[in-house]
4 protein chains.
Amino acid sequence: MNNDRLQEASIEGKFERILNAATEVFAESGYHQCPVSKVAQRAGVADGTIYLYFRSKEELLIRLLQERLGDFIRCMRRELSHCKTTEASLRTIVRTHFSYMEKNRLLAMVTRLELRQPNQRVRLAINGPLLDYFSLIEEVVQKGIERKEVPKINLRAARQLIFGALDDATTDWVMTSNPQTLMSGVEPMLTMFKGALRLRKPRGTKQIIALQKREEDGNADS
Amino acid sequence: MNNDRLQEASIEGKFERILNAATEVFAESGYHQCPVSKVAQRAGVADGTIYLYFRSKEELLIRLLQERLGDFIRCMRRELSHCKTTEASLRTIVRTHFSYMEKNRLLAMVTRLELRQPNQRVRLAINGPLLDYFSLIEEVVQKGIERKEVPKINLRAARQLIFGALDDATTDWVMTSNPQTLMSGVEPMLTMFKGALRLRKPRGTKQIIALQKREEDGNADS
Amino acid sequence: MNNDRLQEASIEGKFERILNAATEVFAESGYHQCPVSKVAQRAGVADGTIYLYFRSKEELLIRLLQERLGDFIRCMRRELSHCKTTEASLRTIVRTHFSYMEKNRLLAMVTRLELRQPNQRVRLAINGPLLDYFSLIEEVVQKGIERKEVPKINLRAARQLIFGALDDATTDWVMTSNPQTLMSGVEPMLTMFKGALRLRKPRGTKQIIALQKREEDGNADS
Amino acid sequence: MNNDRLQEASIEGKFERILNAATEVFAESGYHQCPVSKVAQRAGVADGTIYLYFRSKEELLIRLLQERLGDFIRCMRRELSHCKTTEASLRTIVRTHFSYMEKNRLLAMVTRLELRQPNQRVRLAINGPLLDYFSLIEEVVQKGIERKEVPKINLRAARQLIFGALDDATTDWVMTSNPQTLMSGVEPMLTMFKGALRLRKPRGTKQIIALQKREEDGNADS
DNA sequence: TATGAATGAGCTTTCATTCAT
DNA sequence: TATGAATGAAAGCTCATTCAT
């Protein structure tokens, strides 16, 4: 009867409470090391209660990842919808990825661990949101190619580079418990992405060429 | 009682045999899903025998990762020692990473899963080889900067980009069971790396052009 | 929330509804395999409601058996009260046993399973009706002996034979899901019972022959 | 560590020890009421050891019934093979059934409880031995008919009568904890069986014809 | 009365590890 | 060294029962 926690958390529904508790304890010690009873304790509910909301421990993990990743992808898509240029889109991807993970450190930890689940069912269940994210990235590159801002390149390789880099940067940040500096990596990462994609400014006026020049100068030494 | 395996494998020491068996079965279903008895069976030894060579299941995982990653890093270092230019080094990193993983698909699968171990002890133990690899990458970039082939950029971000991209490409390849095409991704990836690092040819015109040419020939069939 | 069932059944009291539901689900999968919640669902009531009518799951089983067996024995006693001769009584026992079980297949299934409860309390509780039935059978035999229709034999053994045979025939019928043929076994069984008891016609010639004829007519369509 | 029991029992193999322990505790409180740990304790082994010999608790029950019933049926068949007449066969059935159950009171208790398992898998698994027993009984009756010792009667009904009566007598004996008197019921039961089957002596001497005549008079008008 | 979410004791089963041989 | 039967702690999960509404 953890009364403190009961009090503090009972405004949320049990479902959310269990999901949050699971995020915490899975982040701490990993899905496999963590008995259901620990999740229950953290959530301030009885062991059996978890099974009123989730069919099994595995389903708890799946729902956790689906809910959280789904939210992340929705957020990412919303932000991207405002972007007019490929550069803006890339910046949004990097910025949103980093800021979201920074705000949801526990989620970052869980995904880092559990996205690589060997378990078939878990992997299939996460594939949806993950492939959505991959599509989002590839679309940005594809549009860049259509707009002639980016030369024709291998979409999949580009996506691997972008996602891999963001993921590894997040992993680094999570592991080194460097608790405020993910966002500071936005510009360096963005600059490298632009270089990797050989991004050029969309055709148009001289203005833009000038602007482009300035930008390159500005980024060159960051 | 697997006599075939016993015969076929008994030239190697028990130690190696167990390590190989563990690589196989951990790759198939993951460290946690895999009972020690399955490793023993695959290795053609008794369950108890494993504990003559490894203190615990965890130590088996640690040694496995240390040995295999160590070998990989040694191999990478050896290859890199021949490279004169940053481009050659980058090409060597991509090519060696991909070819090594392609030749050691099981290792690729195990690392993919277990490099993200939440377990403190395991993580500490594999940090060594992993940081070695990171250093190797960062050195290449650092030298590029010193040689003015690469503008001054954030070393850590560059390393995250390179390692993250290679790792994610490998993950993709492992997951999609696309069994022969990792190496085909070398050039697209390399091109993007060069763009990301804004790699420019080393100063000195003819000499260097000649040198560069030679290197490219040398790497083409390695 | 099974509205159909709620409507259809709400004329009966909750008590009867729960008892009927329990008969159904216990018959399907047995008392132990069957959670209380399944009874509740079938009865169209909440889990908790069951505990307003029955102290425990065990008491539910006890009451179920007591009520149903009680009704069966009352029915049997009523039918027997009309019988003048031992043969008529035996025929009534076989016919009533089979026809009652045929009409209450679910009850037959439950008793088949749960009459053998190892649980002390349950057994004591159902002993009442069961012993009543045994007495009924033994009385018929005893009267036969008194009337000289039956030689002096061991009452208990006779009862075991009669009850055991009827019970096993019913079990057979229940198990083989042969849904209409229990009644067809009346005459063969009766013939054997008469042989086993060495039943002979009561003394008194004409009178009795007439009486006997009437009885047979009376039973023929019952 | 129950050393007494360990000592006393360790001559037998673990398999037999577990089977015996299971027979005891299942007899006491029934399969469902009885945790595996109780079987283990009684057998003087660890809980986990049971799973080295049996895949599951259910398989333990199945094997138990199969082994024990199988032995009983083999014993019955052996005894029957010496019988020349139907009467001898019937007497052997009754005597063997009673004496075997009397010597294996625990088995009698377990079968009484668990032969009526609602569980599909268990039932299917027991069906083999049980149907064997039924066949044995029906064969005896069939041969009696062929030898003209028994009039043409319904085989199945005869078998239900014989098995049902023996089973119920055994149940009675088990329940009333009347620990020495099962065998005393052999003759009364046999007499009834002979009557039920209208058994007549095999053709032969006058004596027998006379005897047979008397018997027929008794039964003739039933 | 009636509800059904919540409880938590208790179950079956797994498996890393030990140790007598 | 090598074995593998035995261990027993610990896990996931079920479900009879309670109680605030």
Side-chain angles (χ1 to χ4, degrees), chain A residues 1 6 13-15 18 32-41 43-60, chain B residues 1 6 13-15 18 31-41 43-61, chain C residues 1 6 13-15 18 31-41 43-61, chain D residues 1 6 13-15 18 32-41 43-60:
Chain A
M1 312 292 178
L6 256 163
K14 288 263 162 69
F15 183 87
I18 294 168
H32 284 106
Q33 276 71 23
C34 176
V36 170
S37 60
K38 202 172 168 185
V39 179
Q41 197 179 36
V45 300
D47 293 18
T49 305
I50 300 217
Y51 291 87
L52 296 177
Y53 294 88
F54 304 92
R55 235 190 300 269
S56 65
K57 190 191 177 191
E58 186 183 287
E59 215 217 28
L60 172 57
Chain B
M1 312 291 175
L6 257 160
K14 288 261 167 73
F15 183 86
I18 294 168
Y31 171 76
H32 284 106
Q33 277 70 23
C34 177
V36 170
S37 62
K38 200 172 168 184
V39 179
Q41 196 181 36
V45 301
D47 293 16
T49 305
I50 293 197
Y51 289 82
L52 298 174
Y53 294 87
F54 303 91
R55 227 191 306 267
S56 66
K57 188 189 179 191
E58 188 184 286
E59 216 218 28
L60 172 55
L61 175 62
Chain C
M1 310 294 175
L6 256 161
K14 290 260 167 72
F15 183 86
I18 294 168
Y31 171 76
H32 284 106
Q33 277 71 21
C34 177
V36 171
S37 61
K38 200 172 169 185
V39 179
Q41 196 181 37
V45 301
D47 293 17
T49 305
I50 292 195
Y51 288 83
L52 297 175
Y53 294 88
F54 303 92
R55 228 190 305 267
S56 66
K57 188 189 179 191
E58 188 182 287
E59 214 217 30
L60 171 56
L61 175 63
Chain D
M1 322 298 171
L6 257 162
K14 288 262 164 69
F15 183 87
I18 293 168
H32 285 105
Q33 276 71 22
C34 176
V36 171
S37 60
K38 201 171 167 184
V39 179
Q41 196 180 36
V45 300
D47 293 16
T49 305
I50 299 216
Y51 291 86
L52 296 177
Y53 294 88
F54 303 92
R55 234 191 301 270
S56 64
K57 189 191 178 191
E58 187 183 288
E59 216 218 28
L60 172 55

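Each chain gets a letter, A, B and so on, in the order the sequences are listed, and its residues count up from 1.
Looking only at distances, a side-chain donor or acceptor of B:Lys57 sits under 3.5 Å from a matching main-chain atom of B:Tyr31.
When the P atom of F:dT3 is taken as reference, atom OH of B:Tyr53 falls 9 Å away, rounded to whole Å. A straight line from OH of C:Tyr51 to C1' of F:dC15 spans 9 Å, rounded to a whole angstrom. The CD-P distance, from B:Gln33 to E:dT13, rounds to 20 Å in whole Å. If you measure from atom CZ of C:Arg55 to atom C1' of F:dT17, you get 14 Å, rounded to the nearest angstrom. Between the NZ atom of C:Lys14 and the P atom of E:dT3 there is a distance of 5 Å, rounded to whole Å. Atom pair C:Tyr31:OH and F:dC15:P shows a separation of 13 Å (rounding to whole Å applied). The nearest whole Å value for the distance from the CG atom in D:Asp47 to the C1' atom in F:dA5 is 16 Å. In this structure, C:Leu52 places its CG atom 13 Å from P of E:dG4, rounding to the nearest Å.
When all heavy atoms of D:Gln33 and D:Pro35 are compared, the closest pair comes out as O-CD, 3.3 Å. Annotation for C:Glu59 and C:Arg55: closest pair OE1-N, 3.0 Å, computed over non-hydrogen atoms.
Checking C:Cys34 against A:Lys57, the closest nucleotide of DNA chain F that is more toward the 5' end is the one next to A:Lys57. Sequence order on DNA chain F of the closest nucleotides to C:Glu58 and D:Gly48 puts D:Gly48 first from the 5' end. Both C:Ala46 and D:Ser37 sit near DNA chain E, but only C:Ala46 has its closest nucleotide nearer the 5' end. When each of D:Val36 and D:Thr49 is assigned the nucleotide of DNA chain E bearing its nearest heavy atom, the one mapping closer to the 5' terminus is D:Val36.
Rounded to the nearest 0.5 Å, atoms CD1 (C:Ile50) and CD1 (C:Ile18) are 5.0 Å apart. Taking CG of B:Leu60 as the reference point, atom CZ of B:Phe15 lies at 8.5 Å (rounded to 0.5 Å).
The pairing partner recorded for E:dA20 is F:dT3, the criterion being a Watson-Crick or G-U wobble arrangement whose two distances lie under 3.5 angstrom. For E:dC15, the paired nucleotide is F:dG8, the pair qualifying as Watson-Crick or G-U wobble because both relevant distances are below 3.5 Å.
A distance of about 22 Å separates the P atoms of F:dT21 and E:dT1, rounded to the whole Å.
Candidate nucleotides F:dT3, F:dA16, F:dA11 were compared by shortest atom distance to the side chain of C:Pro35, and F:dA16 ranks first.
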